[in-house]
Amino acid sequence: MEWFKTTLQTYPAIAIFLSLCIGYWAGGKTFKGFSLGAVTATLLAAIVIGQLEIKVADDVKNVFFLMFLFAVGYGIGPQFVKGIAKDGLPQAIFALVQCCLCLIFPIIAAKIAGYDLGAATGLYAGSQTISASMGMATDAISRLGLSAAENSAIQSSMPVAYAVTYIFGTVGSAILLSQVLPVIMRVNLFEACKDYEQKHGMVKDDNSSGTAWHEYELRAYKISGEACAGGETLRQFEEKFPGRKVFVEGVRRDGKIIALSQDTEIMPGDVLAIGGNHAAVVELFSHANCYDEVEDVELLSQPVTGVDVYICRKTVEGKTLHELARLGNAHGVFLRGIRRGPTGTEIPIMPQTKLLRGDVVTLSGLTKDVERAAKAIGVVDKKTNISDVAFIGGAITVGALIGAIVIHIGGVPITLSTAGGSLVAGLVFGWIRSFHPTFGRIPDSTVWFMNSVGLNVFIAVVGLTAGPNFVAGLQELGISLFLWGIFSTSLPLVCGAMIGRYVFKFHPAILFGCCAGARTTTAALGMVSEKAKSNIPGLGYTITYAVGNTFLTIWGMVLIMILS
């Protein structure tokens, strides 16, 4: 044991990786639906290992924290800018109001309880489940000119308060938003989502464009009589089947495959290549007297594909799916899914759903149709493992340099800090890439690594450093800290939900998604969606998450400025 202790003290990097190993392993375990999560588990593991009195240079956590904040900003940039621009303005303003509530109540609790800066920061970070704020707070504390002893005491109480309040911050917020508040506000989430779907024109037919998209099929049918398609144009023929989304992908006439346009007339005796949902094609054509299914290998030998497309065209921004479906570029194309935001939130496919720059849509159909549609709305999101590291390094450098600038106003130093500068750099460059996606490519796996591992390395160093004083801090703060955590978690959510419902007039179907997003609690969104048996609540999550993630992180610095 002595050899192990000496080795970890000599090579603290081993202690960091051991903390990550235990943290990710334990954080991935669930008990009756509850999980500590990687961040809290890593912190607790590091605190235990830190009892061996391991010292780690501060530069280690600073490097990884800057990387983490840039990844956060890069991921939410398009939604953040969109949220504070026009269409998402009400949700963005609500998110800011919710964030202010999330700051005010922990400050009130810290003032009444008489907590020091470290305990107050940990109370805020844990009750609002925003661990990144501890990094911003740590940076702000370092600028206060405190003695080494004072700074050590603050740094020790911070992870104690975070660990104690985080559990209810996670579980409690999810239960409040999915179980308690809907009952108090007399909202039936299932019925609310059904109402929202009906008002926004969502089609529930199993053969509609919104479901069964993966059953695309191409079949050949010969027109056997004038009553079926006597002199109709291609457009008129397809319009006879509204809501069923079937397309003519090829025509053979007099033994030859002819060129097609929407004005091409379809004649008796033509052989049509009909593409669409399997069930719809079979129902409409295989059982009709007017059409005889035939074998035509050449006519049907058209490649089918499915691709992810990154939305970046200004002409598509804010357009509904109903509007886009009426364009010629949508012919023959099936929409498989829409993902939005850094968490890849699944957005419901409804006629009134709007596409935003930065969304990733999955299209399927004939290769020629998909390529045409992809070019019209954005660029194909090609899978690659290569990151633009020059872009990452340059962007973080620019942001950190700007953040390092200190302006003194009335003797008070005002600064973004290098951490805040990196976050802002991520927001700006992530937004720029949403309409210029030819540079700054960072694959999702790399963004995940920078986001998750970057934060957890920072947390591991915090835990290792605070380890020796953790037990003493817990004895000092006591059970009252847990109760103040309940207070700081619950009151902002209750007030926020009431404000969202009665001031902002949000539809109940998206109200709790807005609250979950502003609080950046994905677990709560999952429970709300499960209770509603729908992903409609996700429509309120993405913009509020982008705004909330930004301000809740920055609040760590603001909290220190207020309380100090």
Side-chain angles (χ1 to χ4, degrees), residues 61-85 88-89 92-93 95-96 99-100 102-103 125 128 130-143 341-343 356-358 387-409 412-437 439-442 446-447 450-451 454-455 458 517-518 520 542-561:
K61 67 178 182 181
N62 292 338
V63 168
F64 280 91
F65 192 62
L66 293 185
M67 184 174 68
F68 157 74
L69 285 176
F70 174 77
V72 169
Y74 179 87
I76 66 178
Q79 283 71 40
F80 180 82
V81 175
K82 179 66 182 177
I84 61 177
L89 189 57
I93 295 175
L96 182 56
C99 288
C100 290
C102 291
L103 176 65
Q128 311 308 317
I130 188 74
S131 47
S133 64
M134 292 194 292
M136 301 291 283
T138 300
D139 190 67
I141 290 169
S142 67
R143 300 175 184 275
T343 58
L356 307 178
R357 281 193 295 196
S387 298
D388 190 343
V389 180
F391 165 79
I392 297 172
I396 294 177
T397 300
V398 170
L401 285 173
I402 295 174
I405 298 173
V406 180
I407 300 174
H408 292 271
I409 300 178
V412 179
I414 304 298
T415 177
L416 271 177
S417 79
T418 55
S422 297
L423 177 61
V424 172
L427 288 169
V428 172
F429 285 104
W431 170 68
I432 292 174
R433 191 179 182 277
S434 70
F435 51 87
H436 288 299
F439 78 102
R441 169 69 178 176
I442 309 178
T446 305
V447 174
M450 295 172 65
N451 202 320
L455 175 60
F458 168 82
T520 68
T542 54
I543 289 176
T544 53
Y545 176 90
V547 175
N549 205 14
T550 302
F551 283 100
L552 289 178
T553 299
I554 295 174
W555 280 178
M557 178 173 59
V558 174
L559 180 141
I560 298 301
M561 294 173 63

Taken to the nearest 0.5 Å, the spacing of L89 CG from I543 CD1 works out to 9.5 Å

Q.
Between L66 and F458, does the side-chain contact (heavy atoms from CB on, under 4.5 Å) criterion hold? Intermediate values first, please.
A. CA-CA 10 Å; L66 293 185; F458 168 82; over 6 Å; no

Here the gap from F70 atom CZ to M450 atom CE, rounded to the nearest 0.5 Å, amounts to 6.0 Å

The reported gap from CG in L423 to CZ in F68 (rounded to nearest 0.5 angstrom) is 8.5 Å

d(T418 OG1, M136 CE) to nearest 0.5 Å is 8.5 Å

Table please: side-chain donor-acceptor pairs of residues 387-404 below 3.5 Å, with sequence neighbours left out.
from	atom 1	to	atom 2	distance (Å)
S387	OG	T446	OG1	3.0
D388	OD1	F391	N	3.1
D388	OD2	G440	N	3.2
T397	OG1	G393	O	2.7

Let me have the donor-acceptor pairs involving side chains of residues 548-560, under 3.5 Å, with sequence neighbours excluded, atom names and distances please.
from	atom 1	to	atom 2	distance (Å)
T550	OG1	A546	O	2.9
T553	OG1	N549	O	2.7
W555	NE1	C99	O	2.8

Closest non-hydrogen contact found for A419 with F65 is CB-CE2, 3.8 Å

Closest non-hydrogen atoms of G454 and M67, given as atom of the first, atom of the second and distance, are CA-CE, 4.0 Å

Under the 3.5 angstrom rule, does the side chain of S142 hit a backbone N or O of D139 as a donor-acceptor pair? yes

Value for OH (Y74) from OG (S422), rounded to nearest 0.5 Å, stands at 15.5 Å

Of all heavy-atom pairs linking M134 and A125, the shortest is CG-CB, 3.6 Å

